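What you see is a predicted model, and the numbers here were worked out from it, not measured in a lab. Residues: numbered from 1 along the sequence shown.
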Amino acid sequence: MSTETAAAAGEAAVPPPAGWEEARCRVYAVGLSAALAAVARPLADADGHTLAEPLTTRTDLPAFPTSSVDGWAVRGDGPWQVVGRVLAGHVAPPLESDGSTVEIATGAMVPRGTTAILRIEESTRTADGRVAGTPRPQAEWREPGEEAHLGEELLPAGTPVDPAVIGLAASCGHDTLRVRRPPRAALLVFGDELLTSGPPGAGRVRDALGPSVPAWLRRYGCQVRAADVVGPVADTLPAHVAALRGALANADLVCTTGGTMHGPVDHLHPTLEALGADYVVNTVAVRPGFPMLLARLADADGRVRFVAGLPGNPQSAVVALVSLVAPLLAGLTGRPMPVLPQVTLAEAIPGRGDHTHLALARWDRVTGVAHPVRHVGSAMLRGLAGADGFAVIHPGTSGTPGDRVPFVPLPLTPGERS
């Protein structure tokens with residue numbers, strides 16, 4: 001429909017597209033303003049969540065002096081008379097007099113009065129059973145607070161919880177963590193022309209996004225069940241409205257594929273209008289990936305949900321995921337805005353006029369060099385399957401070999417940190 005026809009029909013003119021960097025910042029800020037509520041989770045259930053408050057220690061780490069080696073805790077000069085033994089998990093009685101020692105295990109509490117620890121392999125026994133040897137000059141134990149002091153902040157809010165974080169929390173005395181849960185996501189696939197099995201043919205194409213978008217969302221930390229993937233949805237406005245309303249009932253984010261244009265069977269915009277959604281971003285000046293959108297819906301009770309409209313072309317849909325969905329999810333979970341690494345271009349990459357160009361590339365993390373890949377049309381997935389992410393070519397520029405440019409990495413494993 002032409003601009004003149006649209007105006008005659010009483011439709012609002014489509015706003016100019018947002019700049020790519022502006023769009024990322026805008027959706028992150030909106031996500032952060034709607035960050036998921038903090039909840040307490042047992043350590044065993046916190047993996048994949050995000051710290052909602054800083055992790056502080058409930059004690060000095062270590063809480064008491066602990067031996068770094070198996071050996072002898074000695075007092076004064078040797079040889080030393082053996083007066084006992086102390087193992088990990090027990091309170092050690094003090095060494096009361098010079099010339100005394102207790103056998104000590106690694107990790108055991110160092111007795112008060114200890115002046116040195118003699119390693120077991122560097123000790124000998126005298127004929128009368130005393131211990132002899134020369135302790136090393138450095139202390140062979142860990143002092144209280146050597147790793148952290150009581151109340152010290154160990155990790156900031158917004159840190160993804162992984163096994164290392166869980167172990168650290170346990171070591172400093174936590175049984176639960178205040179976290180933000182992983183967002184719940186759903187996917188609606190639009191397009192009567194799509195096949196869900198077998199090879200394409202007879203004018204119909206195979207749906208590549210229904211199976212792949214949930215996997216991308218999981219790698220960005222979302223929870224997506226098989227029942228949350230619906231489609232292809234019939235190309236009618238009532239079917240679209242019903243499908244989106246149903247998906248929003250349980251999801252924090254609903255992604256849709258296709259229907260982001262204004263063609264005769266593109267019903268996403270009328271559906272969003274029918275549900276009372278507000279646009280956060282309505283089209284972004286980026287290629288590939290045009291057009292994409294992010295909309296916001298707020299219930300009377302204050303609950304906020306989001307709809308990300310992904311283009312129907314597969315590579316463009318992934319560009320929409322890295323451009324809008326990734327920063328939105330970072331905001332919803334209270335994580336920092338993803339910082340893009342810099343790479344060096346190995347080859348020339350053309351610009352796309354006044355649009356940002358996201359160019360698929362392999363990234364050599366050792367050398368920091370990005371190599372553009374082939375087969376990168378909007379409808380192609382072959383190049384994507386061999387790429388590590390997208391080199392960012394800013395509007396009005398082109399990339400030449402040796403240029404340093406931002407790079408948008410694809411998430412490689414579930415829960416990978418940004």
Checklist entry - Do R181 and D252 meet the salt-bridge criterion of a basic N to acidic O distance under 4.0 Å? => result yes
Checklist entry - Are E22 and W20 linked by a side-chain donor-acceptor pair shorter than 3.5 Å? => result no
Next on the checklist: E147 vs L168, test: side-chain contact (heavy atoms from CB on, under 4.5 Å). Steps then yes/no.
Outcome noted: CA-CA 11 Å; E147 183 175 359; L168 177 62; 4.1 Å; yes
Next on the checklist: If you define the side chain from C-beta out and look only at heavy atoms, does anything of V284 sit under 4.5 Å from L324?
Outcome noted: yes
Checklist entry - Side-chain contact, heavy-atom cut-off 4.5 Å: C172 with L154? => result yes
Checklist entry - Is the shortest side-chain N to carboxylate O distance from D228 to R184 below 4.0 Å? => result no
Item to check | Verdict with supporting geometry, M109 and H90, side-chain contact (heavy atoms from CB on, under 4.5 Å) | outcome: CA-CA 7 Å; M109 181 178 181; H90 296 270; over 6 Å; no
Next on the checklist: When you measure from the side chain of T260 to the backbone of P291, do you find a donor-acceptor pair of N or O atoms at a distance under 3.5 Å?
Outcome noted: yes
Next on the checklist: With a 4.5 Å cut-off on side-chain heavy atoms, are L275 and V307 touching?
Outcome noted: no
Next on the checklist: Can you confirm whether or not the ring centre of H240 sits under 6.0 Å from the ring centre of F190?
Outcome noted: yes
Next on the checklist: Using side-chain heavy atoms (C-beta onward) and a distance below 4.5 Å, is L187 in contact with V224?
Outcome noted: no
Next on the checklist: Between L310 and T256, does the side-chain contact (heavy atoms from CB on, under 4.5 Å) criterion hold? Intermediate values first, please.
Outcome noted: CA-CA 6 Å; L310 315 180; T256 65; 5.8 Å; no
Checklist entry - Are side-chain heavy atoms of V189 and L209 found at a separation under 4.5 Å? => result no
Checklist entry - With a 3.5 Å cut-off and no angle check, do the side chains of R180 and T333 form a donor-acceptor pair? => result no
Checklist entry - Could you walk me through whether V392 and V405 pass the side-chain contact (heavy atoms from CB on, under 4.5 Å) check? => result CA-CA 6 Å; V392 181; V405 300; 5.5 Å; no
Checklist entry - Does P183 reach the side chain of Q223, with side-chain heavy atoms less than 4.5 Å apart? => result no
Checklist entry - Would you say the side chain of L293 lies within less than 4.5 Å of the side chain of L272, judging by non-hydrogen atoms? => result yes
Next on the checklist: Quick one, L410 and F390 - any side-chain contact, counting heavy atoms below 4.5 Å?
Outcome noted: yes
Item to check | Parallel, tilted or perpendicular, as decided by the 30° and 60° cut-offs, for the rings of F290 and H355 | outcome: perpendicular
Checklist entry - Will you find, in the side chains of T101 and W72, an N or O donor that is under 3.5 Å from an N or O acceptor? => result no
Checklist entry - Would you call R75-E96 a salt bridge at under 4.0 Å N-O? => result no
